[in-house]
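Hydrogens, waters and symmetry mates play no part in the numbers below; they use all other heavy atoms, side chains included. Everything numeric in this text was worked out from a predicted model, so none of it was measured.
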Amino acid sequence: MRTPIGTAYREFHRRSLEDRDAFWAEQARLVDWHAPFASVCDASRSPFLNWFAGGMTNLCHNAVDRHLAARGAQPALIHVSTETGSERTWTYTELHAEVQRMAAVLLALGVGQGDRVLIYMPMIPEAAFAMLACARIGAIHSVVFGGFASVSLANRIDDAEPKVVVSADAGSRAGKVLAYKPLLDEAIARAAHKPARVLLVDRGLAPMTMVAGRDELHAAWREQHLETVVPCTWVDSTHPSYTLYTSGTTGRPKGVQRDTGGYAVALAASMKHIFCAPQEGAQRSPAGETFFSTSDIGWVVGHSYIVYGPLIAGMATIMYEGLPIRPDAAIWWRLVEQYKVTAMFTAPTAIRVLKKQDPKFLRQHDLSSLRALFLAGEPLDEPTATWIGEAIGKPIIDNYWQTESGWPILTIANGIEQAASKLGSPGVPMYGYDVKIIDESTGRDIETPNTKGVVVIEGPTPPGFMQTVWRDDARFVETYWKSIPGRTVYNTFDWGIRDADGYFFILGRTDDVINVAGHRLGTREIEESISSHPNVAEVAVVGVGDALKGQVAMAFVVARDASALGEAPARLRLEGDIMKTVDTQLGALARPSRVFFVNALPKTRSGKLLRRAIQAICEHRDPGDLTTIEDPTALQGVRDAIGAT
Ligand code: PRX
């Protein structure tokens, strides 16, 4: 019987904060160290932390090599593509061989310790090999989501300055081939930094024009290194393992930088305490079981819970390329049955998509191996949680976190003590996190239950948390730690409340980040892209609630030449044209669902865009305090524009 948070977890959490070093030194035993660490948490340069400094380790060793003796013949990576019809399993021994081959190729292409390797790939096994190969040789990977287009990619290339890019001819979605190589070529042409080499996996999906002296075919190089032995490079625990770009308030994405040792420990601990809790009885290892996360390697969930987390735990991990409803809506459950998945991780949007399908698909397969379904990335609404919980008859565990944290901030740690989830709440602060709700303007703690404030984390943050913004320590401090007056706390930029039992509820972002189908996007980036259209004078992009995707982006545009826009066909043409601009620059996922044309945008007298008021009107809510508005008719213009459709 599950009850609210019990004393065992409370004590576990208390110890993690009050006896931090002893607590995390214990968790650090879950991974291998080549040389022991000299200190556990060095916070002398707070908010910059050094976790397990002096300790020498390697992420790839912990994910692959250390399992060879005990489970070399067991499955490690299961790749399933319903796009190309391929399905293949690599044992730990086979994965070890492939990762070494990829590492040997990267070394041969000139990649050394600390060099960046940008990975722009679809969900193919070579993407995981490349990530692990980077970790193996101490190179820093920077995976860019395959759905991003040339401008997004060019910005990331310029920030990461990769020596090598690993990519492929194409991805595929719903049977439609999406060529990557032309987008990559365009991105490199746009970028100021030019990667020395590009390693390409040819899936035979789209033709590639190779650039002599720069582009290399993966298969040919792999062939040369079938037997090359590449030992793991032992790196200091604080050595960056990767950067991953994420959106914030400005149009310039931030490179979230993660360490090595702290990340390994955080993931190992989360697999044990959060994701692989046994249903009943004593603790046991999930090694040998199967984990299925439906995310993409381009997002943080893919880094932590497709690639590193499950492998560090000695599990088999499923990497899936395809839609949840192709060939039909039973596909994921077929994989659960076939590979005896014990823990599954997806996003609420995917469940809402499944909910629209015939429920018979949920009953076609034996799900008895599955212990829990984890959902994250966006708010989990009650009807979706209830529907899927009843449909599969398994615990549904919401978990709240961010690219910055690398692992859950709020959830239920059933591995420590079984506790009830509350509908609508991701749960309680995880061990290592001192989470508070504070008043945004005064910076004071809000102790009264059920009172809205900003969700913040009191430092020091736990292992696995971002180290800094890549090459921009000042931005890390200014953006995350100095945004609230009088306080030095980590700002999540999420609104939240805490109830009397200590459960948190997340109420949406405080900044201009929107969440479309679990994908985090910056409205400023979308605005910048739309502004590049020659007939756009001004633009505001807001996130608007959507029953399926959580939110969608909507754009309000003041055209330079509005003379022809009186006619609906002309408006539709320009709308389509603007959407295409976003598609080709940022990628289809950033495309606004609608573009509306207005004469003026609502602004304050000092010229600040009133995005929240626009958003409220789109959601048919009260736009709130408008005393600072410069021209009230601009709001009516927004109302008319959406009403006119
Ligand atoms: O607004 C919160 C929302 O997604 C943001 C982080 O997105 P990202 O960096 O892509 O990391 C996703 C890692 C799972 C958060 O600031 N968010 C994430 N999980 C939840 C959530 N909102 C409500 N409930 C959640 N479980």
Side-chain angles (χ1 to χ4, degrees), residues 63 67 71 73-82 86-92 95 123 125 128 267 270-280 284-297 299 301-348 350-351 353-354 357 361-377 385 388-399 408 411-412 414-415 518:
H67 303 303
R71 58 190 86 261
Q74 288 180 13
L77 179 69
I78 299 163
H79 179 261
V80 178
S81 172
T82 49
S86 62
E87 191 155 338
R88 198 183 148 181
T89 298
W90 283 260
T91 63
Y92 270 97
L95 177 63
M123 289 287 283
L267 292 183
S270 72
M271 294 306 291
K272 181 174 170 192
H273 306 313
I274 301 172
F275 292 107
C276 294
Q279 221 149 27
E280 53 196 43
R284 64 186 161 75
S285 159
E289 296 179 355
T290 306
F291 197 89
F292 179 20
S293 166
T294 71
S295 183
D296 187 285
I297 47 135
W299 307 111
V301 178
H303 284 63
S304 293
Y305 299 111
I306 294 176
V307 180
Y308 292 114
L311 294 177
I312 285 173
M315 301 175 81
T317 184
I318 299 183
M319 187 174 180
Y320 175 71
E321 180 187 50
L323 299 181
I325 50 169
R326 251 176 66 106
D328 60 43
I331 175 64
W332 283 359
W333 314 115
R334 193 265 280 172
L335 297 178
V336 169
E337 173 178 301
Q338 186 175 335
Y339 295 106
K340 299 195 169 43
V341 171
T342 53
M344 188 169 166
F345 192 139
T346 189
I351 302 301
V353 167
L354 293 179
Q357 305 288 316
F361 291 118
L362 278 156
R363 294 192 291 268
Q364 283 176 2
H365 293 282
D366 173 10
L367 306 183
S368 55
S369 60
L370 191 66
R371 287 200 296 270
L373 172 66
F374 296 87
L375 295 174
I388 189 67
E390 283 170 3
I392 64 173
K394 307 284 174 179
I396 305 302
I397 303 179
D398 190 359
N399 54 118
T411 185
I412 304 288
N414 285 311

Legend entry - W333: ring-ring contact (aromatic ring centres under 6.0 Å, His included) partners, not counting sequence neighbours: none

Inset, instruction - Look up atom CD1 in I351 and atom CD1 in I392, then write down how far apart they are to the nearest 0.5 Å. - result: 7.0 Å

Inset, instruction - Output all residues satisfying side chain to side chain donor-acceptor pair (under 3.5 Å) with Y320, sequence neighbours left out; order by chain, then residue number. - result: T82

Inset, instruction - Go through the structure and list residues passing ring-ring contact (aromatic ring centres under 6.0 Å, His included) with H67, not counting sequence neighbours. - result: Y92

Inset, instruction - Output every pair passing salt bridge (charged side-chain N to carboxylate O under 4.0 Å, His left out) with a member in residues 309-336, not counting sequence neighbours, ordered by first then second residue. - result: E87-R334, R203-E321

Legend entry - CG-CZ distance between L311 and F291, expressed to the nearest 0.5 angstrom: 11.0 Å

Inset, instruction - Sequence neighbours left out, what passes side chain to side chain donor-acceptor pair (under 3.5 Å) with D398? Give chain and number order. - result: none

Inset, instruction - Specify the closest pair of heavy atoms between V341 and S369, including all atoms of both residues, with the distance to one decimal. - result: O-OG, 2.7 Å

Inset, instruction - Could you tell me which residues satisfy ring-ring contact (aromatic ring centres under 6.0 Å, His included) with F374, sequence neighbours excluded, listed by chain and number? - result: F275

Inset, instruction - Of all the heavy-atom pairs spanning I318 and I306, show the shortest one and how long it is. - result: O-CG2, 4.1 Å

Legend entry - Close side-chain approach of T290 to P75, heavy-atom, < 4.5 Å: no

Legend entry - Side-chain heavy atoms of I78 within contact of L335, under 4.5 Å: no

Legend entry - Residue pair L77 / P125: nearest heavy atoms and the distance that separates them: CD2-CB, 4.0 Å

